[in-house]
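What follows is a set of notes on a single structure, which appears directly below.
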Amino acid sequence: MAPTSSDGTERTPTEQAPSEHATTGRTTSERASGGVQSVERAFQLLEALADAGGVATLSELSTSSGLPMPTIHRLVRTLVQQGYVRQDATRRYTLGPRLIRLGETAGRLLGSWARPYLAELMEATGETANLAVLEGGEVVYVGQVQSRRSMRMFTEVGRRVQPHCTGVGKALLAQLPVEEARAVLGPGPLPALTPYTVTEPEELMHRLAGAREHGYVVDDQEQEIGVRCIALAVPGSPTPAALSVSGPEARIRALEERAGAESLVPVMQEIAARLGQVLAP
């Protein structure tokens, strides 16, 4: 078993402080690339942890990141000290609690960055425009611009809903690998909010396949009677995100039936593509 330091992180006998020559070499590399290599690698490890579901061993991090073990030891020790990574009782490493505040703040800013595009979508359709992300198996609304019409749909920013009965939720699930989407849904049956809610996971998976093929998904009164929603993915977003328009069923159907350049889905796809370019890292 590898020795541990006072903070509980694993150490390796081969880990040594970098020599002056090695430090100079990294500085030259950093100047050439325009970035700080240690910072890049620290974020690389955090993303590898996230991709692993938030939990991984050092050897798994080495395999997924491609970084040498001594480098991982140094970076993980620093991340543990700062609270961005934790070591559990089984000696695996998990994402730490200090990331929560960063994520919540970034989520709020995501809605701010998206607002001009949501406003453009609302003006183009006359209906409420929404932006949502998937967090902990739930849909979180992070942005909205409401319709100016007296009869309109309203969902407060920050609200959490289940993904199986919402347009944005299904658009988010459709972006995930099939097995990951199944895990989010669970074995079922899923709760029915209206008589139109799909409650069987396999039926919903079939519909998600259609959403991937057609590029958009519909919520036809599945969350609320009389409400229809059209949603699609935001391409290029660093985290799965979905854009939607929602409103009274008859008005949304009328939008869908428009022909040519004024049809709803192409307008949404064009706006989502531009939003994705802004959000892309």
Smallest heavy-atom separation, G215 atom then Q269 atom, equals O-NE2, 4.0 Å

Where the side chain of S147 meets the backbone of G126, is there a donor-acceptor pair that is under 3.5 Å apart? yes

Closest approach of I225 and P195, non-hydrogen atoms and distance? CD1-CD, 4.0 Å

Trace of the side chain to side chain contact (heavy atoms under 4.5 Å, CB included) decision for Q162 with V139: CA-CA 6 Å; Q162 297 186 50; V139 172; over 6 Å; no

Below 4.5 Å, heavy atoms only, C-beta onward: do R228 and I230 meet side chain to side chain? yes

Could you tell me whether the side chain of E60 reaches within less than 4.5 Å of the side chain of T63, counting heavy atoms only? no

Got more than 12 heavy atoms from elsewhere within 6.0 Å of CZ, R274? yes

Is there a side chain to side chain contact (heavy atoms under 4.5 Å, CB included) between E249 and Q221 once you walk through the steps? CA-CA 8 Å; E249 180 196 11; Q221 307 183 81; 3.5 Å; yes

Distance only, no hydrogens: is a donor on one side chain within 3.5 Å (strictly under) of an acceptor on the other, for Q87 and Y93? yes

Could you check whether any side-chain heavy atom of P163 comes within less than 4.5 Å of a side-chain heavy atom of E138, counting everything from C-beta outward? no

Could you state the interatomic distance from CG (D220) to CD1 (I252), rounded to the nearest 0.5 Å? 11.0 Å

Output, in order, the C-alpha distance, side-chain angles, deciding distance and verdict of side chain to side chain contact (heavy atoms under 4.5 Å, CB included) for T94 and L49. CA-CA 7 Å; T94 69; L49 258 179; 5.8 Å; no

Heavy-atom pair of closest approach, residues L79 and A42: CD1-O, 4.2 Å

Lys/Arg-Asp/Glu bridge criterion (N-O < 4.0 Å) met for E257, R253: no

Polar contact flag, side-chain donor to acceptor under 3.5 angstrom, T197-T199: no

Measure the spacing between CZ of R149 and CZ of R251 and express it to the nearest 0.5 Å. 4.5 Å

Measure the spacing between CZ of R182 and CG of L173 and express it to the nearest 0.5 Å. 12.0 Å

Consider only side-chain heavy atoms of I, L, V, M, F, W and Y, link residues closer than 4.5 Å, and tell whether L185 and V198 are in one cluster. yes

Listed partners of E123 passing side-chain contact (heavy atoms from CB on, under 4.5 Å), at least two apart: R148

Heavy atoms, side chains only, cut-off 4.5 Å: are K170 and E222 in contact? yes

From L279 atom CG to Y117 atom OH, the distance as rounded to the nearest 0.5 Å: 8.0 Å

If hydrophobic clusters are built by linking Ile, Leu, Val, Met, Phe, Trp and Tyr wherever their side-chain heavy atoms come under 4.5 Å apart, do L58 and F43 end up in the same one? yes

Ignoring hydrogens, what is the shortest heavy-atom contact between A174 and A211? Give both atom names and the distance. CB-CB, 4.3 Å

Examine V161 and V140 and state if one hydrophobic cluster contains both, with Ile, Leu, Val, Met, Phe, Trp and Tyr joined whenever side-chain heavy atoms are less than 4.5 Å apart. no

Do L67 and R41 come close enough that some side-chain heavy atom pair is under 4.5 Å? yes

Between the CD1 atom in I72 and the CZ atom in R77, the distance rounded to the nearest 0.5 Å is 13.0 Å

Connected via hydrophobic side-chain network under 4.5 Å: L204 and L176: yes

Which heavy atom of P248 sits nearest to which heavy atom of E127, and what is that distance? CD-OE1, 4.1 Å

Any heavy-atom pair between the side chains of C229 and V245 that's under 4.5 Å? no

Within a strict 4.5 Å, meaning less than it, do heavy atoms of the V85 and T78 side chains meet? no

Where at least one partner belongs to residues 61-73, residue pairs that pass salt bridge (Lys or Arg N to Asp or Glu O under 4.0 Å), sequence neighbours excluded: none

Could you tell me if T90 and R92 have a donor-acceptor pair between their side chains, going purely by distance under 3.5 Å? yes

Does R207 have any salt bridge (Lys or Arg N to Asp or Glu O under 4.0 Å) partners at least two apart in sequence or in another chain, and if so, which? E203

Nearest 0.5 angstrom please: S62 OG to L45 CG, how far? 9.5 Å

Taking C-beta and beyond as the side chain, do L243 and L118 meet within less than 4.5 Å on heavy atoms? yes

Report the C-alpha separation of E224 and T166 in whole Å, then their side-chain angles, then the decisive distance to 0.1 Å, and conclude whether the side chain to side chain contact (heavy atoms under 4.5 Å, CB included) test is met. CA-CA 9 Å; E224 185 176 347; T166 59; over 6 Å; no

Connected via hydrophobic side-chain network under 4.5 Å: V218 and L172: no

Of all heavy-atom pairs linking P201 and P187, the shortest is CG-O, 3.6 Å

Less than 3.5 Å apart, any donor N or O on the side chain of S244 or N130 sitting next to an acceptor on the other? yes

